[in-house]
Each structure stands twice: as structure tokens, then as C-alpha cells.
Amino acid sequence: MAAALVDEEINNDDFYALLNVRREATQDELKAAYRRLCMLYHPDKHRDPELKQQAETLFNLVHQAYEVLSDPQSRAIYDIYGKKGLEMEGWEVVERKKAAAEIREEFERLQREREERRLQQRTNPKGTISVGVDATDLFDRYDEEFEEPGSRFPQIEINKMHISQSIEAPLTTTDTAVLAGSLSTQNGNGGGSINIALRRVTSAKGWGELEFGAGDIQGPLFGMKIFRNITSQSFITTHCGLQFSSRGIRPGLTTVLARNLDKNTMGYLQWRWGSQSAMNTSLVRDTKTSHLTLALQLGIPHSFMLISYQYKFQDDDQTRIKGTIKTGFFGTLVEYGAERKISRHSILGATVSIGVPQGVSLKIKLNRASQTYFFPIHLTDQLLPSAIFYATVGPLVFYFAMHRLIIKPYLRMQKEKELEKQRESSSSTIALKKQEAEAAVRLMQESVRRIIEIEESKLGLIITNAWYGKFVTDSSGKNERAKVIDVTVPLQCLVKESKLILTEACKISVPGFYDPCVGEEKSLKVIYLFRGVLHQVMTADNESLRIPKQSHRIDTDG
């Protein structure tokens, strides 16, 4: 995935950055930028054969960018889908006067036609493995006088296990077959089941599903599920089924009505009739930083109230902490825990469960892509402070030790390998981009000389030094070296009327720039002279830059 993104970054020129205009630029701004670059790169302005050829290459690239952005339809396609969208077959049949929304619909139609040829090869595997562990012997030990000789070590047993797997096989653009199976065992007894479902999308507002199942614990099952959007803010789901067993036929019906109360809040009403009838109402509020659930259920045999809150940290590891209180006829349960992303496709979580009469349990969950591994560990049937302490502190100590000693070094090694592979695969492209940048700099020399003379005469803006790439500070504590290129000439060439304006885009598409450190974060550092005073400014790669601006003044006396 990372390699694909880097290749796209290298091969797909940013037309806006190439012309150095805003994404909201008007036709007049595009035309002015195009004319300025044409004057700089026009092949007829150069007599040297090598420079003439280099100028022709850059001139054609600038011309291509202007052609796309000056045409409203092409620009709409490029804004939505980038350069790849322009290369898709089928655009020749699209009317030239279609709006951006209509173009988006047309693009999606072309994509659907292309996906139809690959439907038979697509599946969506999902699986769950749950292993129940009985570790009560760690805390609920009998008195030593009743213990058998040689039984000093506590016994930890696996008392239950559940494995389920499902795959989805698209048959047509509207029909999907789902095959699912499960195996369960507990205390030496177990069984399994298999289910087949056929799902059809009937319209943009709904779908229906027929389900057939069989197992050695329960008899054959026949069910039907219907989903329907009532309005743009609400929907309803109904699931009815017939379970055949030795005791007869047991029917069941579940209906869920949901509605958007606001942008981040959903309300649910659920009615379930059958062997465990109940009515449930819940309120779910999900924002960028939190997730809150309030629920109330009245039913046989379970009635309860629940409140659950989850806080989402805005970090790269997607760290979340959560707490839940649930009380009802069965007793009271308190849960708290956290989860964190440990790799690109893996999330690790742990939850401590404390309840009466359930006791204390530790639940560990690992999500790896579409697979879930769940380990509920029952520690004690009593509310022992020691069990609560070890259930809380133990996973934290274990995680931080594993993260520091194993996970972090492994991820760093994997990242270095990926970067090295990206550099090797893109070395030829980078070499070509470097040649193009050096050619652009040679073409700029004469224009830069004239710009400097004009700026010096009025004490204007002169770029004394500029670098682009990865910078390393002395405080980083790593034996790294900076990977930067000199971009003084390209930036001076962009100075106009004692001003330098760079748009909010990746700078590798600016003429005279190339990527000196593939796959790594880059910055732009500029030292410039304005009104006889030396200044320094540094900005991230994708940030806009306007000079002169308030920046760090360099003390020339020091």
C-alpha cells in the first residue's frame, strides 16, 4: 500500500503545483501562470540543442497541465479523481457540458462496469476465534490443608472455544451469496453449524436476504431479513426466522427502527419476540473524539440499563480508552479498558470486567484485518482487590515491554525495508525527475539573473539559500544525515514583484524540484534577504508559503 502511494506521488504530476496556482484559481490566474512559464520554457528561446530539447519537454508538460485545468470538464475530472481519472476509458462518450456531480456519477458507472468482470474473484472473508481461559486457580485457591500433594502450581485450563468463518461471493452486481460456519466446544461438549444466505439489493433504498442453516445442536433454520431506508434520516431492519428442533418449531422476530437525531447521534428502537422477548431503546453518539452509548432493555429473562463511554485520542496509534456500567436483574457489571493500533492492520485491546456475581475477568482482543482473536480469561468468582490489580497492571506492563522490546524495533525494521524497496523500485524514476529538475534549473539561470538585478535595485526579495527535503536536528539523538536538495534558483525564479507565493501542495511538482527522500516527510527551508534584512522560514511540504512574512530574523552580527 505504501509503495503504491509513493509511486502515485512520483508519477502523477500535480498540475496546480506545476503552474503554482491555487486549486480555486480562476481562468485568468491559470492563463497568467501559463504565459509566464511559456516565456521561461519556450524552446525557441534557446539555441543550445540540449537546452532546447529540455525546454521542449518542460514546455509540453506545462501545456498539458494548462489544457486540463483550462477545460471545465477535464478539470472537474482531475479535481475528483486525479490524473488516473483522465486516463480511464469511456470519457469520450460523456457530454462536454456535464456538471461535476454528473461527471462523478459517470465515473462511478464506468468503474462498476469494470468491476463486473472481476466479481467472481472477489470474496470478503471474516472470522472470529474465541478461546475461554479459566484462571480462577490463581486467586481462588483452597486452603493448603485440603490441597493434594504436589499441587502447588495453579492450574490454568481452556474450558471453551468458538471458531466462526464467513465469506461473501458476489454473483452479480445485485446478488451476493454468503457462506458461514461455526464450531463451539465447552467443558468437553460441542457442536457446529453452517449457514447459507442469499442477499439481493432491490434498490438504492433497500435489500433483502434469505438464510438457510443447519447444525448438530439445533435443527434446521429458515430466516429472512429485510433492510429499508424509510427516509434519508431513518431506516428499518426486520429479521424473522423459524427454528426447527425436537421440541417443535420456534418462531422468532426482531425489528430495529433507527433514526439520525443529528449529525453524530443515532437513536434505535428494537423489539424482539421469541424465546427471549425484549424491548430495547438506545442512543449512540459518535464524534471524532468520543463514543457514547446509552441503552435500556426490558425483557425476559434480561432487563438492564447500560452506559458506555469511549474517548478517542487523536494520535497515529488510534488509542482509545473506554468504560462501561451495566446493571440489571442479573447483577451489576463494570468494565474499563483500552485499545491501540500496533501495526498497519492490527489493533490490540484489553478490558477488565468486574461484576456481581460474575467476579473478575480479563478480556484480550486482537483484530488483524478482518479476523478477530478473543481471549476471555476468568480470574476469580469473587471481588478480590489483588485480582483487579493484576488484571489492570499486568496487561499494561506486558504491552509496554512488548512494544519497546519487540513491536517497535520490528516496525522500524519493516519501515526501513519498505523505504529501501521503494527507493530501489523508484530509483530510475527519481533519476529521471532529477535530470528534469536540473534541466529546469539550467533553463532558469538567465531569468533568475534578471530577477535578482531588478530585486537588488529596489531592495526587494532575494533568495540567498533554500533547501528541500528531510532535515535532521542535533537533538534528535539519531545518527542520521539530512537528505536535502538546493532549490534556491527555482524559488528565486518564482519571485514576482518582491513576493514569493507557493500554493498548498506537494513541492515535488514545482519546476526545479524532485524528491530527495522517497517515502519520508519533507520540509522547505528558505533564507532570504528583504529590505536589507536577512530572514529564515521553514514550512512543511504540503503547507502554503508566502514571503515576505513574519519569520525568524537572522542576526548578521552574530
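One is the number of the first residue; the rest follow in order along the sequence. In this text the structure is predicted, and so the values were computed from the model without any measurement.
Atom OH of residue Tyr66 and atom CG of residue Leu37 lie 12.0 Å apart, to the nearest 0.5 angstrom. Between the CD1 atom in Ile407 and the CD atom in Gln414 there is a gap of 13.0 Å [rounded to 0.5 Å]. Remark: Ile364 CD1 to Phe398 CZ distance equals 8.0 Å, nearest 0.5 Å. The NZ atom of Lys522 lies 6.0 Å from the SG atom of Cys506; values are rounded to the nearest 0.5 Å. In this structure, CG on Leu19 lies 9.0 Å from CG on Leu61, to the nearest 0.5 angstrom. Atom CD1 of residue Ile462 and atom OG1 of residue Thr464 lie 9.0 Å apart, to the nearest 0.5 angstrom.
Phe227 has its side chain out of reach of Val201: every pair of non-hydrogen atoms, C-beta onward, lies at least 4.5 Å apart. In this structure, the side chains of Ile508 and Tyr468 come closer than 4.5 Å at one or more pairs of heavy atoms. For the pair Lys496 and Ile501, the minimum side-chain heavy-atom distance is 4.5 Å or more. Between Glu335 and Val352 there is no side-chain heavy-atom pair separated by less than 4.5 Å. For the pair Leu348 and Met402, the minimum side-chain heavy-atom distance is 4.5 Å or more. With contacts defined as side-chain heavy-atom distances shorter than 4.5 Å, the pair Lys365/Asn367 qualifies. Side-chain atoms of Glu168 and Arg199, non-hydrogen and from C-beta on, do get closer than 4.5 Å to each other. The side-chain heavy atoms of Val489 and Gln445, taken from C-beta on, include a pair separated by under 4.5 Å.
Listed for the Glu455 side chain is a donor-acceptor partner under 3.5 Å among the backbone atoms of Leu461. Under the 3.5 Å distance criterion, the side-chain polar atoms of Thr539 are left unmatched by any main-chain donor or acceptor of Leu524. Under a 3.5 Å cut-off, the side chain of Asp71 and the backbone N or O of Glu67 do not form any donor-acceptor pair. Distance alone, capped at 3.5 Å, is enough to place a donor-acceptor pair between the Gln492 side chain and the Ile463 backbone. Not one N or O on the side chain of Lys31 forms a donor-acceptor pair closer than 3.5 Å with the backbone of Thr26. The closest donor-acceptor contact from the side chain of Lys507 to the backbone of Asp541 lies under 3.5 Å.
Counted by atom type alone, Asp486 and Thr488 present one or more donor-acceptor pairs between their side chains at under 3.5 Å. Side-chain N/O atoms of Thr265 and Arg285 include a donor and acceptor closer than 3.5 Å. With no hydrogens or angles considered, no side-chain donor-acceptor pair links Ser70 and Gln27 at under 3.5 Å.
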Discussion item. Checking Gln314 against Lys312 for the side-chain contact (heavy atoms from CB on, under 4.5 Å) test, could you report, in this order, the C-alpha distance in whole Å, the side-chain angles of both residues, the deciding distance, and whether it holds?
Written reply: CA-CA 6 Å; Gln314 302 302 302; Lys312 308 172 187 177; 4.2 Å; yes
Practice prompt. Dump the intermediate steps for side-chain contact (heavy atoms from CB on, under 4.5 Å) on Phe530 and Ile547, then the final yes or no.
Written response: CA-CA 9 Å; Phe530 183 70; Ile547 296 177; over 6 Å; no
Practice prompt. Just do the side-chain contact (heavy atoms from CB on, under 4.5 Å) check on Phe513 and Lys433 with the steps written out, would you?
Written response: CA-CA 8 Å; Phe513 282 64; Lys433 292 289 184 181; over 6 Å; no
Practice prompt. Might you work through the side-chain contact (heavy atoms from CB on, under 4.5 Å) test for Glu543 and Ser523, ending with a clear yes or no?
Written response: CA-CA 9 Å; Glu543 292 181 359; Ser523 303; over 6 Å; no
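Heavy-atom minimum distance, Gly267 versus Leu283: CA-CD1, 4.3 Å. Here the shortest heavy-atom pairing between Pro516 and Gly469 reads CG-CA, 3.8 Å. Counting all heavy atoms, side chain and backbone alike, Pro125 lies closest to Ser370 at O-OG, 2.6 Å. Of all heavy-atom pairs spanning Thr503 and Asn20, the tightest one is N-OD1, 3.4 Å. Heavy-atom minimum distance, Ser282 versus Ala295: CB-CB, 3.9 Å. Among all heavy-atom pairs drawn from Leu366 and Ser346, the shortest one is CD1-CB, 4.3 Å.
Ring centroid separation for the pair Tyr309 and Tyr311 does not come in under the 6.0 Å cut-off.
With respect to Glu446 and Arg449, a salt bridge is recorded, a charged nitrogen being found less than 4.0 Å from a carboxylate O. Looking at Arg22 and Glu24, a side-chain N of the basic residue comes within less than 4.0 Å of a carboxylate O on the acidic one, giving a salt bridge.
Sparse packing is recorded around CG of Asp316, with 12 or fewer heavy atoms of other residues, nucleotides or ligands lying under 6.0 Å away. By the neighbour-count criterion of 12 heavy atoms within 6.0 Å, atom CZ of Arg35 is sparsely surrounded, having that number or fewer from other residues, nucleotides or ligands. Within 6.0 Å of NZ in Lys458 there are more than 12 heavy atoms belonging to other residues, nucleotides or ligands. Around CD of Glu497, the count of heavy atoms belonging to other residues, nucleotides or ligands within 6.0 Å does not exceed 12.
Ring planes of Phe235 and Tyr268: perpendicular class, angle over 60° (limits at 30 and 60°).
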